[in-house]
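Quick notes on the structure that follows.
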Amino acid sequence: MNIILLGPPGAGKGTQAGRLVSERAMVQLSTGDMLRAAVKSGSPVGLRAKAVMEAGELVSDSIVSALIGERLDAGGTDAGVIFDGFPRTAPQAEALDLLLAERGRSLDYVVELEVDEAALTERVVGRFTCARCGEGYHDVFKRPVKAGVCDVCGSTEFKRRPDDNADTVATRMAEYRAKTAPILPIYEARGLVYRVNGMADIEEVAGAIGIILDKGGALDAF
Ligand code: AP5
């Protein structure tokens, strides 16, 4: 099964992708994570991407499409792929169709997380992750059970993303509205789009996505 999680910054794409990875053994392909890894490694791609990401703008279509192609070829994706943060433009959507077709695969669902943009800045600015295992947390919505200690690995080191500040979030939202939201009609025309209320709590959102993946075309029965 190959699905796209679509939604603006802070909609919960990464949170829900993480759930699907642990519950369904699917593979999360997050171009944001791939680009952050490239920045951290100091690779040529990372050097080109760093300033663009910190400004909240989009990295070039050719770079992100190549990253996805390389990851698909690395294998281990038979149980399914969750595209998280890709595609983000019409050329990326075209590239994804080609990348999948060349590998004998196709898209099953596009899940749009519908959210209230006004609430997203709080979500994004309050986000932090475990510096050791990457588990995601939030100052208000998802705190570690024991303050200052990661629930998963016990680390006491946490980090925040440099682009998670109010100014950059505003640019990221504008990029989403201008370049990413317009790709939805492409998938609507193919009958692939399912909408989920991304303002519900994390468990409810996960439940709604689970129903889509399990019931698919029979969703109207709910
Ligand atoms: P990327 O890393 O993809 O960031 P993004 O799309 O802005 O998405 P986020 O990771 O900010 O949000 P999310 O929807 O995953 O939310 P999360 O689950 O963390 O991209 C970063 C940058 O890389 C881009 O700006 C661009 O420069 C570049 N880039 C990446 N892909 C690219 C591409 N394809 N083309 C070009 N450039 C690209 O949740 C947020 C917080 O809210 C968390 O703290 C979470 O705990 C909390 N939360 C989640 N769900 C809920 C809920 N239901 N209720 C309450 N809190 C919740």
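FYI, side chains are in, hydrogens and waters are out, and symmetry mates aren't considered; it's all heavy atoms of this structure. FYI, the numbering just counts along the sequence from 1. One-based numbering, in listed order, for ligands and for the atoms of each. A quick note: this is a predicted structure, and the numbers were derived from the prediction, not measured.
Heavy atoms from other residues, nucleotides or ligands lying under 6.0 Å from NZ of Lys50 number 12 at most. The 12-atom threshold is not exceeded at CZ of Arg143, counting heavy atoms of other residues, nucleotides or ligands nearer than 6.0 Å.
Here is the list of ligand 1 atoms found below 4.0 Å of a heavy atom in Gly198: 53 (N). Taking a cut-off of under 4.0 Å to the non-hydrogen atoms of Arg36, the atoms of ligand 1 that pass are 2 (O), 21 (C). Those atoms of ligand 1 with a heavy atom of Gly14 less than 4.0 angstrom away are 13 (P), 15 (O), 18 (O). If you number the atoms of ligand 1 from 1 as listed, the ones under 4.0 Å from a heavy atom of Gln92 come out as 33 (C), 34 (N), 35 (N), 36 (C). Taking every heavy atom of Tyr137 and a limit of under 4.0 angstrom, the matching atoms of ligand 1 come to 44 (O). Set against the non-hydrogen atoms of Ala11, the atoms of ligand 1 under 4.0 Å away are 14 (O), 16 (O).
Contacts between Arg161 and ligand 1 below 4.0 angstrom, taking non-hydrogen atoms only, involve the side chain exclusively. Contact annotation: for Leu58 versus ligand 1, heavy atoms closer than 4.0 Å belong to both the backbone and the side chain. Residue contacts with ligand 1 for Ala200 involve N, CA, C or O but no side-chain atom from C-beta outward (heavy atoms, distance under 4.0 Å).
In terms of the side-chain hydrogen bond (donor to acceptor under 3.5 Å, both in side chains) criterion, residue partners of Asp61 (sequence neighbours excluded) are, by chain and number, Thr89, Gln92.
Arg88 NH2, 3.3 Å is the protein heavy atom nearest to atom 5 (P) of ligand 1. Shortest contact from atom 18 (O) of ligand 1 to any protein heavy atom: Thr15 OG1, 2.6 Å. Among protein heavy atoms, the minimum distance from atom 16 (O) of ligand 1 is reached at Gly12 N, 3.2 Å. In this structure, atom 25 (O) of ligand 1 lies nearest to the protein heavy atom Arg172 CG, 3.7 Å. Nearest to atom 43 (C) of ligand 1 among the protein's heavy atoms is Arg127 CD, 4.0 Å. Scanning the protein heavy atoms around atom 37 (N) of ligand 1, the nearest turns out to be Val59 N, 3.0 Å. Protein heavy atom nearest atom 8 (O) of ligand 1, with residue, atom name and distance: Lys13 NZ, 3.2 Å. Looking from atom 31 (N) of ligand 1 to the surrounding protein, the closest heavy atom is Thr31 OG1, 2.7 Å.
Every N/O-N/O distance between Val124 and ligand 1 stays at or above 3.5 Å.
The residue from Glu204, Lys142, Arg123, Lys179 that puts a heavy atom closest to atom 57 (C) of ligand 1 is Arg123.
The main-chain N or O of Leu99 is found under 3.5 Å from a side-chain atom of Arg103 such that the two form a donor-acceptor pair. Between the side chain of Ser22 and the backbone N or O of Gly18 there is at least one donor-acceptor pair closer than 3.5 Å.
Salt bridge status for Arg160 with Asp139: present, with a side-chain N to carboxylate O gap under 4.0 Å.
The closest side-chain heavy-atom distance from Ile209 to Leu20 is below 4.5 Å. Between Arg161 and Val124, every side-chain heavy-atom pair lies at or beyond the 4.5 Å cut-off. Within the 4.5 Å cutoff, the side chain of Ile63 has heavy atoms near those of the Arg48 side chain.
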Exercise for the section: Apply side-chain contact (heavy atoms from CB on, under 4.5 Å) to Leu184 and Leu6, showing your working. Expected result: CA-CA 9 Å; Leu184 267 165; Leu6 206 64; 3.6 Å; yes
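Using cut-offs of 30° and 60° on the angle between ring planes, the pair Tyr137 and Phe128 is parallel.
Identified under the ring-ring contact (aromatic ring centres under 6.0 Å, His included) test for residues 25-46, with sequence neighbours left out: none.
Not close to ligand 1: Gly7, with no non-hydrogen atom less than 4.0 angstrom away.
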